[in-house]
Protein chains: 2
Amino acid sequence: MLVAADAVLAAAPFPAAVTMEAIAEAAAVGKGTLFRAFGSRDGLLDALWTRQLDRLRDALAAEDSPLGASGSPRRRVAAFLDALLWCKLDNRHLLRAREAAAGLLASPNYLWMHATLAGLLRDAAPKASQMTIDYAAHALLAPLHIDLIDVLLAAGMNPQDISRAQTRHAKAMIADLRD
Amino acid sequence: MLVAADAVLAAAPFPAAVTMEAIAEAAAVGKGTLFRAFGSRDGLLDALWTRQLDRLRDALAAEDSPLGASGSPRRRVAAFLDALLWCKLDNRHLLRAREAAAGLLASPNYLWMHATLAGLLRDAAPKASQMTIDYAAHALLAPLHIDLIDVLLAAGMNPQDISRAQTRHAKAMIADLRD
DNA sequence: GATTTTCCGGACCATGAGTCCGAATGACTT
DNA sequence: AAGTCATTCGGACTCATGGTCCGGAAAATC
């Protein structure tokens with residue numbers, strides 16, 4: 001069932017448009033069965049994503065990988081982020097299946113924010129490469145995602161705290177960009 | 001029309017559940033008129049969001065604010081991010097109106113990623129405060145959002161580039177956490 | 001083989017985005 | 001002022017899809 005769902009999502013040119021009915025058919029099963037097993041569309045997607053992360057968790061537990069406790073903390077952080085990156089790349093179809101804000105980052109508004117911030121960063125670090133600056137701008141904007149802000153507020157931070165943390169983040173990024 | 005839409009979204013306990021019909025009624029206008037004016041639900045939300053950002057753009061243009069060209073680049077970056085933060089806080093209802101991944105950051109999977117990464121960061125910078133580490137972990141995970149990855153790939157970066165940029169980001173964050 | 005229980009599946013329902021055409025409004029002409 | 005034409009409006013309608021539900025099949029038990 002999970003396998004069939006993964007296959008049909010991977011094959012679809014537009015995973016967000018894949019219906020539960022289509023998945024049920026591909027799995028040679030009734031729609032009711034799908035819903036009984038996963039509760040909802042999101043439940044199914046969650047199950048699929050969790051399955052992928054489980055493999056990652058196993059890798060983390062393995063001693064020999066760069067993720068294992070043997071490496072230096074710094075390397076482990078990088079290795080962990082890399083593992084996540086590859087996992088996400090490999091399962092793009094799955095993550096894109098949640099319609100959500102598809103293309104919101106390509107909207108004029110985000111483009112403007114990014115261009116503006118990148119411009120300011122260029123002023124602050126004239127010698128940094130364009131690609132580095134562009135990435136830094138994205139990395140500074142990403143934590144402003146409303147969902148993350150909600151999480152931070154729910155976790156007990158107040159706007160002042162967030163503002164300070166973000167300023168510090170920016171400072172660290174600029175310091176790095178200046179080499 | 002925009003004003004009415006903003007009001008009804010702001011008043012709703014769950015903005016994502018506000019229907020176009022409800023907005024039309026609040027604006028004392030037919031549904032057809034709404035759609036003719038904005039094309040779609042997303043179009044309307046875009047228009048609302050753009051309206052807010054326009055105010056920000058004006059502030060940026062003003063000479064006297066910390067955003068103006070008079071400040072140091074570093075201050076301007078911080079001021080810009082802060083302005084965005086407050087803008088987003090003030091318009092939370094509007095941003096949350098795009099149903100999307102509501103609560104995805106509260107899912108066990110994200111919680112695990114965050115906890116794991118925060119743990120690694122703690123190892124790398126034992127003296128940093130918990131709040132700082134938590135924020136850093138969020139800030140490192142946020143750029144892994146699939147939408148951003150897609151944008152980066154579309155912009156010509158390949159996975160290797162992203163990996164390098166992300167590693168550099170992590171390095172900069174850790175360096176900062178260690179003071 | 002009869003009876004009970006569990007599980008399955010596809011017909012069915014509810015909802016809400018987006019469409020469309022008839023009606024209303026208003027501008028322009030005589 | 002009345003008639004005519006163009007433009008815009010609005011709400012009834014369509015359609016797609018997530019989610020429900022019940023009749024019946026399969027399995028377990030005796």
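Here dG16(C) presents its P atom at 19 Å from CZ of Arg98(B), a figure rounded to the nearest Å. When the P atom of dA17(C) is taken as reference, atom CG of Leu44(B) falls 11 Å away, rounded to whole Å.
Not one N or O on the side chain of Asn91(A) forms a donor-acceptor pair closer than 3.5 Å with the backbone of Leu94(A). Formation of a donor-acceptor pair under 3.5 Å by the Thr167(A) side chain with backbone atoms of Ser163(A) is found in this model. Looking at Arg168(A), its side chain does come within 3.5 Å of a backbone N or O of Asp176(B) through a donor-acceptor pair. Put simply, the side chain of Thr132(A) never gets that close to the backbone of Ala128(A): no donor and acceptor are under 3.5 Å apart. Between the side chain of Arg41(A) and the backbone N or O of Phe35(A), no donor-acceptor pair lies under 3.5 Å.
Each of Arg41(A) and Gly30(B) was matched to the nucleotide of DNA chain D holding its nearest heavy atom; the match closer to the 5' end belongs to Gly30(B).
Atom-to-atom distance recorded for Ile23(B):CD1 and Phe38(B):CZ is 9.5 Å, nearest 0.5 angstrom.
In this structure, His169(A) and Tyr135(B) have perpendicular ring planes: the angle between them is above 60°, well past the 30° mark. His138(B) and Tyr110(B) have parallel rings, their planes meeting at less than 30° on a 0 to 90° scale where 60° marks the start of perpendicular.
Near-neighbour residues of DNA chain D inside residues 16-23 of chain A, defined by a heavy atom below 4.0 Å, number-ordered: Thr19(A), Met20(A). Within residues 31-40 of chain B, the residues that have a heavy atom under 4.0 Å from DNA chain D are, in order of number, Lys31(B), Gly32(B), Thr33(B), Arg36(B).
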